[in-house]
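Just so it is clear, the model here is predicted, and its values are computed rather than measured. Labels below follow one simple rule: chain letters A, B, ... track the order of the sequence lines, proteins then strands, and each chain is numbered from 1. Quick note: numbers below take in every heavy atom, side chains included, and nothing from hydrogens, waters or symmetry partners.
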2 protein chains.
Amino acid sequence: MDVDNALSALNNPMRRRILEWLKDRSNFPPALPEHAGLEGVCVAYIQEKAKLSQSTISTYMGLLKRAGFVIAERHGQWTFYRRNEENIQTFLAAMQDELLKP
Amino acid sequence: MDVDNALSALNNPMRRRILEWLKDRSNFPPALPEHAGLEGVCVAYIQEKAKLSQSTISTYMGLLKRAGFVIAERHGQWTFYRRNEENIQTFLAAMQDELLKP
DNA sequence: TGATAAAATCGAGATATCTCGATATATGGA
DNA sequence: TCCATATATCGAGATATCTCGATTTTATCA
């Protein structure tokens, strides 16, 4: 968990918004029947909600992934992104330490 | 507490380092006799430790102040900066909410 | 008043981020 | 194999951040 990298990833309102949306799968259209049971949301759904270009969203998800905030899983031609709750906790703890620990 | 503004201020390793240094007054040279009893650290001491230019440090402290992380108090020709612990807590709580609250 | 000292502000060049459209890559289906 | 679809990557222009030296502002002191 590189705090510097993580803060860069979070230093963008839309990327933070995406992380919030991913808290709840029902913020997005229902999964296709063939994806039932799979965790995460595909890039196209995120893009549709964010109203930014496909390439921008792909870049954003890559940043969030490299920072550790999301997990990417490929299923066929789709990539499903979901939150990495463990790393998010780790980041918050690191921030708390850095900002508060004596 | 504007999370966007706060994250921008924190998105710089030296500014975070300064916030850490300010946790403990003894990270800096002792205060001048005429400043005994005053809280905070003057810009020159921070600059000396950070080894960046005076203007850069002044700008940085201004950013940290606008973000709410430090309090500036002028005494004569000196400006003393100290942490705003209450706002730091508020920011951490806001981050926790934004990242974790369902 | 003039000199000095601390801090803030200004202007600018270098570097990074943002966001896009275009293109490349990977996969599944006809 | 060829095509369609989803995603990733590339290249670039616009904008923001970084950091500096120079200047200005504010305050003290002789």
- For B:T59, check side-chain hydrogen bond (donor to acceptor under 3.5 Å, both in side chains) against everything at least two apart and list the hits. none

Can you give the donor-acceptor pairs under 3.5 Å from side chains of residues 8-19 of chain A to other protein atoms, not counting sequence neighbours?
from, atom 1, to, atom 2, distance (Å)
A:S8, OG, A:D4, O, 3.2
A:S8, OG, B:N11, OD1, 3.2
A:N11, OD1, B:S8, N, 3.4
A:N11, OD1, B:S8, OG, 3.2
A:N12, OD1, A:M14, N, 3.0
A:N12, OD1, A:R15, N, 3.0
A:N12, ND2, A:Y60, OH, 3.3
A:R15, NE, A:A9, O, 2.7
A:R15, NH2, A:S8, O, 3.2
A:R16, NE, B:E98, OE2, 3.0
A:R16, NH1, A:L10, O, 2.7
A:R16, NH1, B:D4, OD1, 3.4
A:R16, NH2, B:D4, OD1, 3.0

- Note on the structure: Residues at least two apart in sequence or cross-chain that pass side chain to side chain contact (heavy atoms under 4.5 Å, CB included) with B:E86, listed by chain then number, are B:N84

- To the nearest angstrom, how far is A:I57 atom CD1 from C:dC20 atom P? 8 Å

N/O donor-acceptor pairs under 3.5 Å from side chains in residues 68-80 of chain A, not counting sequence neighbours:
from, atom 1, to, atom 2, distance (Å)
A:E73, OE1, A:R82, NH1, 2.7
A:E73, OE2, A:H75, NE2, 3.4
A:R74, NE, A:G76, O, 3.3
A:R74, NH2, A:Q77, O, 3.3

- Message: I need the OH-C1' distance between B:Y81 and C:dA6, as an integer number of Å.
- Response: 11 Å

Please tabulate, for the side chains in residues 44-51 of chain B, all donor-acceptor contacts under 3.5 angstrom to protein atoms that are two or more places apart in sequence or on a different chain.
from, atom 1, to, atom 2, distance (Å)
B:Y45, OH, B:P30, O, 3.2
B:Q47, NE2, B:L52, O, 3.3
B:K49, NZ, B:N27, O, 3.3

- Query: D:dT7 P sits how many Å from A:M61 CE, rounded?
  - Reply: 11 Å

- Could you tell me whether the side chain of A:V41 reaches within less than 4.5 Å of the side chain of A:W21, counting heavy atoms only? no

- Query: Counting only non-hydrogen atoms, which of residues 2-18 of chain A are less than 4.0 Å from DNA chain D?
  - Reply: none

- Task: Give me the residues of residues 68-80 of chain A where at least one heavy atom lies under 4.0 Å from an atom of DNA chain D, by number, or none.
- Result: A:Q77, A:W78, A:T79

- Any pair with a residue in residues 55-64 of chain B that passes salt bridge (charged side-chain N to carboxylate O under 4.0 Å, His left out), sequence neighbours left out, goes on the list, sorted by first then second residue, please. none

- Query: Residues in side-chain hydrogen bond (donor to acceptor under 3.5 Å, both in side chains) with B:E85, at least two apart?
  - Reply: B:R83

- Message: Short of 4.0 Å, heavy atom to strand atom, which residues of residues 21-56 of chain B count as contacting DNA chain D?
- Response: B:L52, B:S53, B:S55, B:T56

- Query: Of all residues at least two apart in sequence or in a different chain, which pass the salt bridge (charged side-chain N to carboxylate O under 4.0 Å, His left out) check with B:K65?
  - Reply: none

- Message: I'd like to check the salt bridge (charged side-chain N to carboxylate O under 4.0 Å, His left out) partners of B:D24; sequence neighbours left out, ordered by chain and number.
- Response: none

